[in-house]
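Let me begin by presenting the structure, written as structure tokens, before commenting on it.
Numbers restart at 1 for each chain; the letters A, B, ... are given by sequence-line order, proteins then strands. No hydrogens, no waters, no symmetry mates; every other heavy atom, side chains included, goes into these values.
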There are 2 protein chains.
Amino acid sequence: MGTTQLESVQEPKYQHLKTVIGEALDSDFTVGEILPNERELAARFGVARATLRQALEQLELEGRLQRRRGVGTTVAPPRVGVDVSTTQQVWPGVGDDAWLAQDAIPGDAPVAVARLLETAAGEEVHLVRRLRLSQGQAVAAELLYVPAGSVPGLDAIDAPVGAARARAVLCELQNLVLDGQDRSVELGSARADDAKELDRLPGSPVLVVTTRYLSGGRTAAVSVATYRADTCRLTFGDSVDLAMAS
Amino acid sequence: MGTTQLESVQEPKYQHLKTVIGEALDSDFTVGEILPNERELAARFGVARATLRQALEQLELEGRLQRRRGVGTTVAPPRVGVDVSTTQQVWPGVGDDAWLAQDAIPGDAPVAVARLLETAAGEEVHLVRRLRLSQGQAVAAELLYVPAGSVPGLDAIDAPVGAARARAVLCELQNLVLDGQDRSVELGSARADDAKELDRLPGSPVLVVTTRYLSGGRTAAVSVATYRADTCRLTFGDSVDLAMAS
DNA sequence: AAGTGGTCTAGACCACGCA
DNA sequence: GCGTGGTCTAGACCACTTA
């Protein structure tokens, strides 16, 4: 009987809160339902609002909650599986309508990308901006770096601008032979521009997928795609989307 | 008081701090160097410690800093690339010495895993625990779920325990024909046991790699591997590890 | 024992979405 | 204008590492 208020042995309050709220989400709430506001919840659990927020933050990180300023906190639907497999080796923009080309402008690559491109740091590249939609929602923002040298045909007809220009760059790429590609995934936080596209706050956690497109023994293009970490599950291989409940 | 000078145009302090510190890391610090402590830094930038911590948190999330209680904050080395490609379709424990088998115990799968295994919720499974090392550091903790039905030969010789038993389960798996596998990556937060293995605090961000091993038209095993998000970059395909500086 | 990062409090004000 | 989550403060104490 002396073991009543145990649990708290060396376990932070916010972590215990996370467990309690997490269980409540499973049993007492349905997807889309809105929770009481933070001040109310903090009072109900007898903690400071900052502590309560620490718990909510982790639950949001795990994709169980969705918080929107001015609106409230809602129970999140299961993460959507987004296919990022490399089994079919193709240039970006070929046959997949998941991506929406936005625009293309001249610019230069940041040092990290320049290293992947194996180009001189200052070499001019085309910056192609694309947005990936899934079920009507923006799930990823991509910045595709294409060295001017990779698409020599583009300078001739320099007419198009905006989305048309983006498509033109992608189209030019297809004239090259794609030898291979490789990909890496890491955790990052959203830059201001990406955050805006993804309807998230700057700094929110994202999964950064970096793809290198190889052609003729060199890197012909590099894509840096920023996926919403809260709502996305990246799938590889022939994985089928499960978790279709409700 | 209108202490707001400029820069602060709608940009949170912690975000600006992040930028400033991030730039300082590039120019004034070297990998492994320890930063001034949080109270000192907060005072230097004229903000509350909580605000300073918000900036440090994001920098740690991006793998630029490493913080350890009782020790201090140090500049993190570049993330290590960890290969998780599925090009070579093999059972776990075959020919890759990256993983260290720890033990195997009987148990049952949580509902999410049970759904992947397509088994009855209560069916007995072997829980195989493994640890992945990279450059002497633990980078991932794995829990492999193997339904008892997948390895019928194991019950006969039930002798080994601990790491030996784990290896026995993996060995039994190799008697099956591996038809395929698929993988997914998502963001999670470390459970207490995984956190301990990875030398992180519970709740710290991790990349969860879920692998389904298919054999004979069904799911013969499911692996849930938890990678440290701060220090790891997951690589797919034939990507070469760059960024070998120092 | 000293010093570090981690947790927690009780306030305050701000930016945003919506009626 | 009101209610929401987001930012920020100035403290306090705790858990951990190291000497």
Side-chain angles (χ1 to χ4, degrees), chain A residues 7-18 21 33-61 65-76 189-190 192 195-196 199-205 230, chain B residues 1-5 7-19 21 33-61 65-76 189-190 192 195-196 199-205 230:
Chain A
E7 313 280 359
S8 65
V9 196
Q10 309 301 70
E11 195 195 32
K13 275 189 188 177
Y14 76 90
Q15 209 173 311
H16 185 232
L17 258 184
K18 184 182 133 185
I21 297 175
E33 198 172 345
I34 74 171
L35 272 62
N37 71 53
E38 296 184 348
R39 291 160 179 88
E40 158 84 25
L41 282 175
R44 189 178 301 184
F45 288 110
V47 299
R49 192 174 151 222
T51 305
L52 183 268
R53 277 178 61 80
Q54 226 173 327
L56 295 187
E57 241 148 59
Q58 283 206 10
L59 287 168
E60 188 179 29
L61 195 85
L65 288 180
Q66 200 160 341
R67 298 190 290 172
R68 268 170 305 172
R69 166 152 46 176
V71 180
T73 303
T74 58
V75 181
S189 49
K196 195 172 180 185
D199 190 28
R200 299 256 64 198
L201 288 174
S204 49
D230 56 341
Chain B
M1 302 297 280
T3 57
T4 55
Q5 305 288 41
E7 310 278 0
S8 67
V9 198
Q10 309 303 70
E11 196 194 33
K13 276 189 187 176
Y14 76 89
Q15 209 173 312
H16 184 232
L17 258 184
K18 186 182 130 184
T19 308
I21 298 176
E33 197 172 347
I34 73 172
L35 272 61
N37 71 54
E38 297 185 349
R39 291 161 180 86
E40 158 85 24
L41 282 176
R44 188 177 301 183
F45 288 111
V47 299
R49 193 175 151 222
T51 305
L52 184 268
R53 277 179 60 80
Q54 228 173 326
L56 295 186
E57 241 148 57
Q58 283 205 9
L59 288 168
E60 188 178 30
L61 195 85
L65 289 180
Q66 200 160 341
R67 299 191 289 173
R68 268 171 305 173
R69 166 152 46 177
V71 180
T73 303
T74 58
V75 181
S189 50
K196 194 172 180 184
D199 190 28
R200 299 258 61 199
L201 289 173
S204 50
D230 56 342

Check your understanding: Please give, in whole Å, the distance from dT4(D) C1' to L52(A) CG?
Key -> 14 Å
Point to revise | Protein-nucleotide distance (E38(A), atom CD; dG11(C), atom C1'), rounded to Å | key: 15 Å
Practice item. Starting at atom CG of L41(B), determine the distance to atom P of dG3(C), rounded to an integer number of angstrom. Key: 17 Å
Check your understanding: At under 4.0 Å between heavy atoms, what does L201(B) touch on the DNA or RNA strands: base, sugar-phosphate, or nothing?
Key -> sugar-phosphate
Point to revise | Nucleotide nearest Y14(B) (side chain, heavy atoms from C-beta), chosen from dT9(C), dT7(D), dT9(D) | key: dT7(D)
Revision key, fill the gap. From CG of L65(B) across to P of dG6(C) the rounded distance in Å is 11 Å
Review point. How close or far is atom P of dG5(D) from atom CG of D199(A), stated in whole angstroms?
Key: 16 Å
Check your understanding: Could you state the CD-P distance from Q58(A) to dT7(C), rounded to the nearest angstrom?
Key -> 9 Å
Study note, to complete from the structure: K196(A) atom NZ is separated from dC16(C) atom C1', nearest whole Å, by 14 Å
Check your understanding: Should L41(A) and T73(A) count as side-chain neighbours, where that means a heavy-atom distance under 4.5 Å?
Key -> no
Practice item. Considering just the side-chain nitrogens and oxygens of T73(B), establish if one lies under 4.0 Å of OP1 or OP2 belonging to dT4(C). Key: no
Practice item. Please determine, for the side chain of A48(A), which listed nucleotide (dA10(C), dT4(C), dT18(D)) has the closest atom? Key: dA10(C)
Practice item. Mind checking the NZ-CD spacing from K18(B) to Q15(B)? Nearest 0.5 Å is all I need. Key: 6.5 Å
Review point. Hey, does the side chain of R53(B) come within less than 4.0 Å of dG6(C)'s phosphate (OP1/OP2), counting only N and O?
Key: yes
Check your understanding: At under 4.0 Å between heavy atoms, what does R68(A) touch on the DNA or RNA strands: base, sugar-phosphate, or nothing?
Key -> sugar-phosphate
Review point. So does R49(B) reach the base of dG6(C) with its side chain, donor to acceptor, closer than 3.5 Å?
Key: yes
Practice item. Answer whether the closest heavy-atom distance between the side chains of I21(A) and F45(A) falls below 4.5 Å. Key: yes
Practice item. Keeping the roles fixed (side chain from E60(A), backbone from R67(A)), state whether a donor-acceptor pair exists under 3.5 Å. Key: yes
Exercise for review: Measure from the side chain of R69(B), starting at C-beta and using heavy atoms only, and say which of dG6(D), dT4(C), dT9(D) lies closest.
Suggested key: dT4(C)
Check your understanding: Does any N or O donor sit under 3.5 Å from an N or O acceptor when you compare the side chain of R39(A) with the base of dG5(D)?
Key -> yes
Review point. Just how far, in rounded Å, is C1' of dC16(D) from CG of N37(B)?
Key: 15 Å
Point to revise | For the student: nearest non-hydrogen atoms of Y14(B) and A55(B), plus distance | key: O-CB, 3.4 Å
